[in-house]
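The structure under discussion appears below in the form of C-alpha cells.
Note that the coordinates shown come from a computational prediction; the quantities given were computed from them, not determined experimentally. Along the sequence shown, residues are numbered consecutively beginning with 1.
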Amino acid sequence: MYKETYSIWLENSLHNEKIYKLIKRYANEENKDSFSPHVTLVSHINTKKKALKILDKLSVKKNSVVFDKVSNGDTYFQKLYLESSDNSYFFNSVANLEGWPSLWVPHLSLCYGDELPKSFDLGELNELIPITLSFDTLSLYKTGPKVSEWKEITTQSLY
C-alpha cells in the first residue's frame, strides 16, 4: 500500500501526435502503461484538499514552449524526456508557491522505466527537435507508483 499522492500537470487538449505515438510505442515495447504527454508542475502533494489549494495559487496562462534537447536520467519517471532551454514559462507558473521548486527540472517524459526503450534511437529523437508544444490545460491528477492507477481529478482551460 502506498500513500495517496497528487500531481499538477500542464497538458494540451489536443496532444501532439508525434509525441503521443512515441510515448505509446515505447510503453508498448516495454510492456508498460502509456501516459498522456505532460509537464509536471507540482508533484508529491499528499492530499486532494492541498492539491486544490496549490492549483488555485498557480499563475498559468496558455503558452507554447520549444523543446530543444533530448535527455535521459537515472530515475524511473525521468528515464527519457525532452527539455527546453527556456524554462521561464514553467518557473513563472509556480512562482507563487513557497518552497517550490527546489531541484525541479521541467521536462516532458517520453518513457518511464529503469532502462531506455529497446527502440531508443537518438537520431530519430534528434529529428523530432526542436518541437514547439502548446499548453492550454492545467490538470490535477491522482498519481502514484502505478501509471495504470493514475486518475484525472479536474482540469482547467488556460487563456
Side-chain angles (χ1 to χ4, degrees), residues 3-27 32-73 75-112 125-159:
K3 286 185 178 181
E4 195 171 88
T5 61
Y6 294 85
S7 299
I8 298 171
W9 298 353
L10 274 169
E11 295 183 281
N12 188 299
S13 54
L14 302 170
H15 298 303
N16 176 287
E17 275 306 305
K18 286 182 183 178
I19 297 293
Y20 200 31
K21 283 180 181 178
L22 193 60
I23 290 170
K24 288 192 282 188
R25 185 180 95 203
Y26 286 157
K32 297 191 183 319
D33 292 305
S34 184
F35 54 90
S36 299
H38 65 277
V39 172
T40 301
L41 285 183
V42 186
S43 60
H44 306 295
I45 308 167
N46 58 7
T47 67
K48 183 177 175 181
K49 184 178 177 180
K50 185 175 179 182
L52 290 168
K53 280 185 180 181
I54 292 171
L55 194 61
D56 287 340
K57 289 182 181 179
L58 296 175
S59 55
V60 187
K61 293 180 175 33
K62 183 178 177 178
N63 204 345
S64 295
V65 175
V66 176
F67 289 86
D68 53 5
K69 182 180 176 189
V70 177
S71 298
N72 68 298
T75 64
Y76 186 87
F77 290 110
Q78 288 185 9
K79 182 46 63 185
L80 182 61
Y81 53 94
L82 299 179
E83 287 185 89
S84 174
S85 294
D86 180 5
N87 284 318
S88 57
Y89 170 64
F90 303 118
F91 285 111
N92 289 338
S93 298
V94 297
N96 293 335
L97 300 182
E98 189 175 319
W100 186 266
S102 53
L103 301 175
W104 173 57
V105 176
H107 66 280
L108 189 139
S109 289
L110 299 174
C111 178
Y112 296 150
L125 293 175
N126 280 332
E127 286 179 19
L128 184 67
I129 58 172
I131 186 167
T132 302
L133 300 177
S134 298
F135 295 98
D136 65 3
T137 306
L138 191 60
S139 305
L140 172 61
Y141 274 80
K142 183 176 180 182
T143 53
K146 291 185 178 181
V147 175
S148 63
E149 295 177 2
W150 289 0
K151 181 181 174 192
E152 181 183 284
I153 304 299
T154 188
T155 63
Q156 296 176 358
S157 294
L158 303 175
Y159 301 96

Practice task
Taking atom types as modelled, find out whether Asp86 and Ser88 have a side-chain donor-acceptor pair closer than 3.5 angstrom.
Solution key: yes
Exercise for the section: Could you verify whether a donor N or O on one side chain and an acceptor N or O on the other, from Ser139 and Thr155, lie under 3.5 Å apart? Expected result: no
Interatomic distance, [X] atom [atom1] to [Y] atom [atom2] [nearest 0.5 angstrom]:
X	Y	atom1	atom2	result
Lys79	Cys111	NZ	SG	8.5 Å
Asp68	Leu128	CG	CG	11.5 Å
Leu97	Lys53	CG	NZ	13.5 Å
Tyr89	Leu41	OH	CG	7.5 Å
Leu108	Ser71	CG	OG	12.0 Å
Asn16	Ile131	CG	CD1	4.0 Å

Any idea which heavy atoms bring [X] and [Y] closest together, and the distance?
X	Y	result
His44	Ser7	N-OG, 4.3 Å
Phe35	Ser109	CE1-O, 3.5 Å
Val105	His107	O-ND1, 2.8 Å
Pro106	Phe91	CD-CZ, 4.0 Å
Gln156	Asp56	NE2-OD1, 4.5 Å
Ser36	Glu11	CB-OE2, 3.5 Å

Hey, does [Y] have a side-chain heavy atom less than 4.5 Å from the side chain of [X]?
X	Y	answer
Ile45	Thr143	no
Val39	Val65	no
Leu80	Leu125	yes
Leu138	Leu10	yes
Ile19	Leu110	yes
Trp9	Thr40	yes
Trp104	Val94	yes
Pro37	Ile23	yes

Handout entry: Check: Asn12 side chain, Ser134 main-chain N or O, donor-acceptor pair, under 3.5 Å
Key = yes
